[in-house]
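Order of listing sets the numbers, starting from 1, for every ligand and every atom in it.
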Amino acid sequence: MNNNFDVIVIGSGPGGYVCAIRSSQLGLKTACVETRDTLGGTCLNIGCIPSKSLLHSSEFYQKANSEFNDLGIETGKIKLNLSKMMSNKSQSILNLTKGIEFLFKKNKVTQLHGKGSVLAKDTVSVIDGSGKKISYKTKNIVIATGSIPTSLPGIKIDEKIIVSSTGALSFKKVPKELVVIGGGYIGLELSSVWKRLGSNVTVIEFLDHIIPGMDTDISNEFKKILDKQGINFKLDNKVTSVNIINNKAVVDFTNNKSKKRERVECDKVLVAVGRKANVNQDVHELDIQLDNQKKIQVNEKFETSIKNIYAIGDVVNRGPMLAHKAEEEGIAVAELIAGQAGHVNYDVIPAVIYTSPEVAMVGKTEEQLKKENIKYKVGKFPFLANSRAKVNNETEGFVKVIADEKTDKVLGVSIISAAAGNMIAEASIAMEFGASAEDIARTCHAHPTHSEAVKEAAMMVDKRPIHF
Ligand code: NAI
């Protein structure tokens with residue numbers, strides 16, 4: 001193999017593999033280095049995809065137990081086969097990671113197996129599993145090494161009793177008592193999985209609300225729904241220690257206001273207090289500039305402080321740590337390297353929590369707009385008044401459209417609904433095209449669909465809904 005490339009991408013997560021494919025499509029000779037045996041990074045192997053598989057299966061299990069009978073579907077005794085559920089998850093991961101291998105071949109991306117390191121601005125070394133090191137020359141390097149879970153001081157993740165999301169996606173037995181530290185994305189998705197499968201789940205969150213950064217309206221409604229589902233919350237509490245005694249975890253926490261101390265004993269503890277940039281040693285050795293959160297600092301062209309070395313995805317100081325944000329950056333950086341005008345609109349990055357119901361949002365929240373002193377109007381439409389949601393027994397939640405008070409331009413949309421994850425795309429497109437609430441309100445939406453609630457919420461901005 002010729003060891004000279006135009007672009008070498010380090011990391012094959014959603015940022016890296018997409019970047020490699022786009023680079024190759026643009027005629028650049030491209031390689032992608034990956035340490036794992038399979039492509040796809042955290043998202044495909046131990047993140048978004050396995051969690052969605054378990055969320056999907058556990059939702060069916062829970063529905064079979066509690067809803068099928070009401071729909072006239074009589075079953076025998078429902079029994080959980082956790083190892084089969086896990087095998088199904090593994091098979092889905094395998095299919096998708098093989099899919100990227102296929103896409104690499106189709107797009108002529110060279111796959112390099114091993115740990116990639118930047119030796120100089122034009123050299124990447126790859127050390128494979130047997131310790132063999134090969135160096136490659138390249139005109140451009142894209143660092144897409146992602147992120148890793150963080151923990152709390154004094155709490156060591158052993159992936160057996162005290163686990164990160166990785167461990168919590170592979171429990172061999174349903175834990176009787178599960179404590180989740182952190183009421184963010186990972187904490188709430190995995191709480192949902194294990195609650196549905198039979199665990200007693202307690203979420204301990206430092207703030208006085210769940211999902212920081214989310215519209216307060218949505219956060220409050222979401223919390224009420226999760227309360228009803230039986231998840232226990234200890235908000236405004238700080239975990240001070242986790243100790244393992246006789247194969248059980250003992251979690252101590254203190255209320256931030258009352259200072260009341262509490263202790264719970266449990267079988268497993270999931271630490272979900274955020275992730276940190278996975279900045280490898282080579283970045284430090286080359287003195288590539290980091291920001292104060294220890295993420296790689298890049299400019300609007302994704303250039304690091306060293307020319308021809310770029311960085312994208314969770315490892316950089318731009319945008320949220322989300323797979324689809326990384327994908328957009330992967331495409332943009334490839335286009336910029338090829339001399340085109342790659343660009344990411346950070347104002348329109350949707351976010352979805354794949355619980356039941358799902359929660360999705362794009363654009364600004366009311367709290368952000370107040371801070372920025374922007375005057376706005378709000379339209380809210382409940383799923384209780386949406387016919388499709390009603391026939392499906394999915395009436396929880398609402399759509400909230402926020403529009404500029406003067407221009408009517410849509411500034412933000414939040415949705416709690418069984419179908420929120422798919423519905424938010426409509427709001428994203430509207431915002432990308434600079435639509436007004438009136439534009440959405442005057443667009444014909446198919447009946448009967450959950451999406452009609454988006455139209456009605458947009459009509460509500462002008463106080464003229466039909467079905468409420
Ligand atoms: P997160 O940032 O979403 O939530 C962490 C939570 O932990 C916060 O609510 C925070 O207040 C709380 N916390 C921090 N210190 C604490 C302490 N000492 N005691 C109690 N609570 C404490 O982080 P998470 O859930 O770990 O997710 C990591 C990243 O992965 C996020 O950036 C998220 O965007 C991404 N992700 C996205 C998903 C999606 O798109 N559906 C799913 C899973 C992860």
* Heavy atom of the protein closest to atom 5 (C) of ligand 1 (residue, atom name, distance) -> Ala272 O, 3.4 Å

* **Atom indices of ligand 1 within 4.0 angstrom of Leu207 heavy atoms, with elements** => 11 (O)

* Asked: Going by the atom numbers of ligand 1, which of them fall below 4.0 Å from some non-hydrogen atom of Ile204?
  -> 20 (C), 21 (N)

* Taking NZ, NE, NH1 and NH2 as the nitrogens, is one of them in Glu189 or Lys52 under 4.0 Å from a carboxylate oxygen of the other? -> yes

* **Reported CG-to-CD distance for the pair Leu411 and Glu372, which is rounded to 0.5 angstrom** => 9.5 Å

* To do: May I ask you to check whether Lys238 has an N/O atom sitting below 3.5 Å from an N/O atom of ligand 1?
  => no

* Can you find a pair of side-chain heavy atoms, one from Met86 and one from Leu82, that are under 4.5 Å apart? -> yes

* Asked: Can any side-chain N or O of Lys325 pair as donor or acceptor with the backbone N or O of Arg318 at less than 3.5 Å?
  -> yes

* Structure fact -> Closest to atom 42 (C) of ligand 1 among protein heavy atoms sits Glu189 OE1, 3.6 Å

* Do Val391 and Pro448 have side chains that get closer than 4.5 Å, going by heavy atoms? -> no

* Qualifying residue, where the test is side-chain contact (heavy atoms from CB on, under 4.5 Å) with Val283 and the options are Ile306, Ile309, Ile288 -> Ile288

* Hey, which atoms in ligand 1 end up nearer than 4.0 Å to a heavy atom of Ile181? -> 19 (N), 20 (C)

* To do: State, with a plain yes or no, whether a side-chain heavy atom of Ser170 is found less than 4.5 Å away from one of Lys89.
  => yes

* Side chains of Ser51 and Leu169: closer than 4.5 Å at any heavy-atom pair? -> yes

* Protein contact of atom 4 (O) of ligand 1 - nearest heavy atom, named by residue and atom, plus distance -> Gly184 CA, 3.3 Å

* For atom 34 (O) of ligand 1, closest protein heavy-atom neighbour -> Met321 O, 3.3 Å

* Evaluate the side-chain proximity of Glu396 to Ile416: yes if any heavy-atom separation is below 4.5 Å, no if none is. => no

* Structure fact -> Nearest non-hydrogen protein atom to atom 13 (N) of ligand 1, with distance, is Val273 CG1, 3.8 Å

* Counting heavy atoms only, which of Tyr354, Phe253, Phe206 comes nearest to atom 20 (C) of ligand 1? -> Phe206

* Short list, please: which atoms of ligand 1 are under 4.0 Å from a heavy atom of Pro212? -> 8 (C), 9 (O)

* **Taking atom 7 (O) of ligand 1 as the reference point, the nearest protein heavy atom with its distance** => Gly182 CA, 3.3 Å

* **Minimum non-hydrogen distance to atom 9 (O) of ligand 1, winning option of Lys52, Glu358, Glu205** => Glu205

* Lys455 with Glu452: basic N within carboxylate O range, under 4.0 Å -> no

* Structure fact -> protein heavy-atom neighbour closest to atom 38 (C) of ligand 1 works out as Tyr185 CD2, 3.4 Å

* To do: Return the residue, atom name and 0.1 Å-rounded distance of the protein heavy atom closest to atom 18 (N) of ligand 1.
  => Leu152 CD2, 3.3 Å

* Would you call Lys380 and Asp217 a salt bridge, taking side-chain N to carboxylate O under 4.0 Å as the test? -> yes

* Can an N or O of Ile353 be found at a distance shorter than 3.5 Å from an N or O of ligand 1? -> no

* **Among Leu270, Leu190, Ile186, closest by any non-hydrogen atom to atom 43 (C) of ligand 1** => Ile186

* **Of the listed options His324, Arg275, Lys276, closest to atom 28 (C) of ligand 1 (non-hydrogen atoms)** => Arg275

* Asked: Below 4.0 Å from any atom of ligand 1, is there a heavy atom belonging to Gly274?
  -> yes

* Asked: Looking at side-chain heavy atoms only, is the closest gap between Phe233 and Asp227 below 4.5 Å?
  -> yes

* Compute the shortest N/O to N/O distance between Val352 and ligand 1 and return yes if it is under 3.5 Å, no if not. => yes

* **Criterion side-chain contact (heavy atoms from CB on, under 4.5 Å) against Ser58, the qualifying member of Lys63, Arg196, Lys195** => Arg196

* Structure fact -> Going by the 4.0 angstrom heavy-atom rule, the piece of Leu322 near ligand 1 is side chain

